[in-house]
There are 2 protein chains.
Amino acid sequence: MLSKKTQYAFHALIYLAENVDKGPILISEIAQEKNISIKFLENILLELKNSGILGSKKGKGGGYYLMKPPKEIALAKIIRLLDGPIALLPCVSLNYYERCENCRDEAVCGLNEVMGRVRDSALKILENKTLKDILTKN
Amino acid sequence: MLSKKTQYAFHALIYLAENVDKGPILISEIAQEKNISIKFLENILLELKNSGILGSKKGKGGGYYLMKPPKEIALAKIIRLLDGPIALLPCVSLNYYERCENCRDEAVCGLNEVMGRVRDSALKILENKTLKDILTKN
DNA sequence: ATTTAGTCTATCTTTTTTATAGGATTTATG
DNA sequence: CATAAATCCTATAAAAAAGATAGACTAAAT
């Protein structure tokens with residue numbers, strides 16, 4: 001399961017995407033609309049900003065906004081950023097690979113092979129679907 | 001990612017499946033062969049036994065054994081048993097569903113829809129692949 | 001009776017997750 | 001330039017989960 005952090009991030013990003021035309025959006029507004037703890041959300045948005053997904057403006061009239069159009073932000077990127085590996089096992093992770101401690105040879109491990117396929121099928125969706133694809137409004 | 005518990009369970013089950021013909025297998029043997037803490041493994045095998053996946057025999061000549069042929073034990077079952085939901089979000093889980101706290105209507109939520117597809121693609125593999133499919137020996 | 005091996009439950013430690021606090025910094029504007 | 005508004009940043013706390021260990025109990029074989 002995705003962590004609350006990542007779930008909140010998705011909902012916040014959706015809100016930002018649905019309001020791209022309104023300039024910077026307040027953390028407090030997102031928190032209220034999406035029912036998220038404001039202080040927790042603050043940290044999440046900051047992290048997204050430091051990763052280049054979001055931009056921000058301080059002071060009056062400030063807030064957060066998307067740095068790229070929604071259609072260019074893949075869901076996989078958000079998950080990896082906040083949650084880490086998408087794969088079910090370290091030994092099949094593309095971005096967070098770790099050697100298997102329990103089997104002799106990954107190359108001939110059936111578990112490794114099947115979990116690799118699960119990863120591929122998930123990535124096929126998560127790498128191609130973007131923020132744009134999960135919006136309610138168009 | 002799957003927990004260590006579930007990862008260990010898979011490796012133990014593989015070992016049991018590869019030695020079905022040898023009668024009950026000792027916890028200590030599995031622990032040694034698969035490089036798993038024996039006491040931790042003890043708890044895991046007990047849980048698998050209490051769920052009907054494994055059987056056991058006490059005393060000399062005792063140990064654990066599979067209750068069903070490897071081809072009848074789906075990978076999804078093991079994961080759900082020890083790790084819980086396979087879905088990435090509570091609101092798309094078939095077995096551990098929880099209502100989404102952050103969106104107005106799941107029926108029109110794009111995130112819900114995409115994550116439902118990710119779940120389906122994972123289940124298509126995990127429900128159909130069995131212990132038999134992940135063995136090294138045939 | 002003794003040894004062997006699983007059963008059961010409790011506890012402990014560590015890590016991760018979730019959340020909160022509060023001062024620092026930047027910006028708009030009157 | 002003072003003030004208010006908003007994000008920035010770091011620390012910490014609280015709770016939950018994960019990972020691991022301990023030890024007494026029960027059942028079976030010989």
Side-chain angles (χ1 to χ4, degrees), chain A residues 1-9 11-12 16 22-32 34-67 79 81-85 88-90 96 98 101-102, chain B residues 1-9 11-12 16 22-32 34-67 79 81-85 88-90 96 98 101-102:
Chain A
M1 299 262 286
L2 298 178
S3 65
K4 285 284 185 188
K5 193 169 162 183
T6 302
Q7 294 179 41
Y8 291 162
H11 288 288
L16 288 172
K22 300 196 187 130
I25 307 288
L26 296 182
I27 299 175
S28 56
E29 180 181 339
I30 304 172
Q32 186 159 31
K34 293 295 187 170
N35 194 31
I36 303 171
S37 149
I38 184 171
K39 270 302 197 176
F40 195 16
L41 183 58
E42 200 179 292
N43 293 320
I44 296 168
L45 296 183
L46 189 57
E47 206 168 334
L48 289 171
K49 187 213 153 189
N50 290 334
S51 311
I53 309 286
L54 297 181
S56 69
K57 197 180 168 212
K58 286 184 174 180
K60 190 162 190 180
Y64 281 97
Y65 48 89
L66 297 173
M67 286 294 278
I79 295 177
L81 189 63
L82 299 175
D83 244 52
L88 291 179
L89 296 178
Y96 301 83
E98 281 173 50
E101 307 283 331
N102 309 109
Chain B
M1 299 262 285
L2 299 178
S3 65
K4 285 283 184 188
K5 194 168 162 184
T6 302
Q7 294 180 40
Y8 292 163
H11 288 288
L16 288 172
K22 301 199 184 126
I25 307 289
L26 296 181
I27 299 176
S28 56
E29 180 181 339
I30 304 173
Q32 187 160 30
K34 292 294 188 171
N35 194 33
I36 303 170
S37 149
I38 185 172
K39 269 300 197 179
F40 196 16
L41 183 57
E42 204 178 289
N43 293 319
I44 297 168
L45 295 182
L46 189 56
E47 206 167 333
L48 289 171
K49 187 212 153 191
N50 291 333
S51 311
I53 309 285
L54 296 181
S56 68
K57 199 183 166 207
K58 286 183 176 180
K60 189 164 189 178
Y64 280 96
Y65 49 89
L66 297 173
M67 287 294 278
I79 295 177
L81 190 62
L82 299 174
D83 244 53
L88 291 179
L89 295 178
Y96 301 83
E98 281 173 48
E101 306 283 332
N102 309 109

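To find a chain, count down the sequence lines: A is the first, B the second, and so on, and within it residues start at 1.
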- prompt: Rounded to the nearest Å, what distance is computed from the OH atom of residue B:Y96 to the P atom of nucleotide D:dA17?
  reply: 13 Å
task: Using whole Å, report how far CG of A:L46 lies from C1' of C:dT26.
output: 14 Å
- request: Figure out the CG/P separation between B:L45 and C:dA5, and round it to whole Å.
  value: 15 Å
- line: Heavy-atom closest pair (B:E101 atom, A:N35 atom, distance to 0.1 Å) is O-ND2, 3.4 Å
query: How does protein reach along nucleotides 21-30 of chain D, written 5' to 3' as B (base within reach of a heavy atom under 4.0 Å), S (only sugar-phosphate), or - (no contact)?
result: BBB--BSBS-
message: Under 4.0 Å, counting only non-hydrogen atoms across every strand here, what does A:I27 touch: a base, just sugar-phosphate, or nothing?
response: sugar-phosphate
statement: Minimal heavy-atom distance between A:L41 and A:I27, with the atoms involved, is CD2-O, 3.8 Å
- request: Take atom CD of A:Q32 and atom P of D:dA6, then tell me their distance rounded to the nearest Å.
  value: 13 Å
Between side-chain atoms of residues 46-58 of chain A and protein atoms elsewhere (two or more places apart, or another chain), which donor-acceptor pairs fall under 3.5 Å?
{"unit_1": "A:E47", "atom_1": "OE1", "unit_2": "A:K5", "atom_2": "NZ", "d": "3.2"}
{"unit_1": "A:N50", "atom_1": "ND2", "unit_2": "A:L46", "atom_2": "O", "d": "3.4"}
{"unit_1": "A:S51", "atom_1": "OG", "unit_2": "A:E47", "atom_2": "O", "d": "2.8"}

message: From CD of B:E101 over to C1' of C:dT18, roughly how many Å is that when rounded to an integer?
response: 15 Å
query: Minimum heavy-atom separation for A:G62 to A:L26, with atom names?
result: O-CD2, 3.6 Å
task: Starting from P on C:dT9, measure out to CD on B:E47 and report it in whole angstrom.
output: 13 Å
task: Can you tell me the distance, in whole Å, between the CE atom of A:M1 and the P atom of C:dT17?
output: 13 Å
statement: Whole-Å distance, A:K49 NZ to D:dT10 C1', equals 15 Å
task: Output the single nucleotide from D:dA6, D:dG19, C:dG6 whose closest atom is nearest the side chain of A:L26.
output: D:dA6
- prompt: Which nucleotide sits closest to the side chain of B:Y8: D:dC9, C:dC8, D:dA20?
  reply: D:dA20
message: Return the NZ to CD1 distance between A:K39 and A:I44, rounded to the nearest 0.5 Å.
response: 13.0 Å
- prompt: Looking only at heavy atoms, which two atoms of B:A9 and B:L82 are closest? And how far apart?
  reply: CB-CD1, 3.2 Å
field: Which residues share a side-chain hydrogen bond (donor to acceptor under 3.5 Å, both in side chains) with A:N102, sequence neighbours left out
entry: none
